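These notes are about the structure you will find just below.
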Amino acid sequence: MGNKTWLFGLSCILLAYYTYIPIPENLEEPWKVRFIDILTKIATLTATLFENTGLMKFEDLFFILMRIQNIEPFSDENLTVIDIDFSKIPVRLYLPKRKSEIQRPAVIYIHGGAFATGSFKMLPYDFVNRMTASRLDAVVVAPDYRLAPQDLFPAALEDCIVVVKFFLQDKVLEKYGVDPAHICIAGDSSGGALVGSVTQLLQDDPEYRNKIKAQAMIYPKLQAVDTWMPSYREYENGPFLSRKLGIKLSTRYLAEDEELPEAILRNEHMPEGSRDVFKFVNWSRFLPEKYKKNHVYREPVLGKLNASYPVLLDSRVSPLLVNDSQLQKLPLTYVITCEHDILRDDGLIYVTRLRNAGVPVTHEHIEDAIHGAISFVTAPMYLHSGLRIIDKYISWLQENL
Ligand SMILES: *[C@@H]1O[C@H](CO)[C@@H](O)[C@H](O)[C@H]1NC(C)=O
Ligand SMILES: *[C@@H]1O[C@H](CO)[C@@H](O)[C@H](O)[C@H]1NC(C)=O
Ligand SMILES: *[C@@H]1O[C@H](CO)[C@@H](O)[C@H](O)[C@H]1NC(C)=O
Ligand SMILES: *[C@@H]1O[C@H](CO)[C@@H](O)[C@H](O)[C@H]1NC(C)=O
């Protein structure tokens, strides 16, 4: 039997098998979610197979699956859309065509993809950014940063900072007719981590003080310290983003070490002497009662990994790892969390900590949605919960930017 036939047969069996994995009943459009979940599980198994046979690296398949959704920039009656470079970093720019008497707001949108996949070119991101520019009458800048595993931390963050700093120059803002007092940095998932870090770093940079009015995070990933929070437990097997897949992909950004994702999966990756940072991510302190349910707090186990990775203690990977006086400096914040998401508690904890520090936060919790919802809003899925999230996000920007 040829490899293809074999793979096809295997896929069919898996398809049948995974169809029986229960999908929570309170999800919107459960059959679509089930379909997304099945395809993701098949992709995960195929990627594992390819990795084990040496055909390609695990993340390569996901990279390809994301890349086939890329589209070229196209302008429409309202927007000029172009791909250019800002300081050698590729960005897609959305520029409203209509003449404006006043300067426009701007949004810098950082895409997700677990630091190892994705691009502003992907149809769903193009859709979000186009709609943002059009509805807000705003300039939208979407950077493509370097990805893991070719480029490890802090490459992605550095690229985002280069783009933000380039854009925040007076002459550049002037060129695009942007009002420096009305700029938001936004992003989803791992892009939310980058939003968190970029904003924290800019607030500490005297040269750029007050330039960012707001940050918006859609189901952000905000820490790599504790992967056994209630949301990680409850949604361990998905839907869509399983704990294993999330950890396997995003760990590529941190180090080239096969032991690391394994240790993170066991929640035994933190180095000796790092117990001090637990207080920043301790869900038993920061999670609203409603989400704690009957879960029992268990500290991550220290010192089990031979190699010690300082990156695991770095707030530029885990924006939750800063103290309250650093949080206090942060601007107006918008956070969307989804219930059916391993990263739910990252967002919930950040909301609590920001509010404790006195930062104005708008928080929306979407009870019936999954992680990644906005990545399924275009053909063939047209996932309604994703469209709702985009609508909420843009409405918030309309009122607050
Ligand atoms: C352009 O803007 C108008 C008015 O807001 C809107 O009705 C129309 O759908 C927009 N066109 C596109 C292609 O988005
Ligand atoms: C976590 O929080 C709980 C409850 O507030 C507390 O009892 C525990 O000591 C904390 N653990 C760490 C490591 O911060
Ligand atoms: C880690 O250290 C232990 C004990 O020193 C050793 O047995 C094990 O082989 C090491 N693992 C790796 C991956 O180096
Ligand atoms: C908070 O962290 C910053 C940077 O690490 C440090 O300079 C500052 O002293 C800390 N503040 C408190 C109150 O711990």
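These numbers come from the heavy atoms of this one structure, side chains and all, not from hydrogens, waters or symmetry mates. Counting convention: from 1, in listed order, for ligands and their atoms alike. This is a predicted model, so every value here is computed, not measured.
- Among all non-hydrogen protein atoms, the one lying nearest atom 5 (O) of ligand 2 is R285 CG, 3.1 Å.
- Under the 4.0 Å distance rule, the nearest protein heavy atom to atom 14 (O) of ligand 4 falls inside the cut-off.
- Under 3.5 Å, the side chains of Y232 and N267 contain no donor-acceptor pair of N or O atoms.
- Between Y219 and H371, the ring planes lie tilted relative to each other; the angle falls in the 30° to 60° range.
- Close approach of ligand 2 to S284 (heavy-atom distance below 4.0 Å) involves ligand atoms 2 (O), 3 (C), 4 (C), 5 (O).
- Atoms of ligand 2 lying under 4.0 Å from any heavy atom of F278, numbered from 1 in the order shown and given with element: 13 (C).
- When only non-hydrogen protein atoms are considered, atom 11 (N) of ligand 4 lies nearest to N323 ND2, 2.9 Å.
- Under the 3.5 Å distance criterion, with hydrogens and angles disregarded, a donor-acceptor pair is assigned to the side chains of E28 and H384.
- Atom numbering of ligand 4 starts at 1 in the shown order; those under 4.0 Å from a heavy atom of S325 are 1 (C), 11 (N), 12 (C), 13 (C).
- Polar contact with ligand 1: present for N78 (N/O pair, distance under 3.5 Å).
- Using a 4.5 Å heavy-atom threshold, the side chains of D76 and R130 count as touching.
- Judged by distance alone, the side chains of E234 and H295 do bring a donor and an acceptor atom under 3.5 Å apart.
- Where the criterion is an N or O separation shorter than 3.5 Å, residue side chain and backbone included, K279 fails it with respect to ligand 2.
- Between H340 and Y235, a ring centre-to-centre spacing shorter than 6.0 Å is recorded.
- At a distance under 4.0 Å, a protein heavy atom can be found next to atom 2 (O) of ligand 4.
- Residue, atom and distance of the protein heavy atom nearest to atom 6 (C) of ligand 2 are N282 ND2, 4.2 Å.
- Within 6.0 Å of CD on Q150 lie more than 12 heavy atoms contributed by other residues, nucleotides or ligands.
- Centroid-to-centroid, the aromatic rings of F120 and Y125 stay 6.0 Å apart or farther.
- Of the possible polar contacts, none joining the D37 side chain to the P239 backbone as a donor-acceptor pair under 3.5 Å is found.
- The shortest contact between atom 4 (C) of ligand 4 and any protein heavy atom is with Q326 NE2, 3.6 Å.
- The presence of a protein heavy atom under 4.0 Å from atom 9 (O) of ligand 1 is ruled out.
- Using a 4.0 Å cut-off between heavy atoms, E77 contacts ligand 1 through its side chain alone, with no backbone atom that close.
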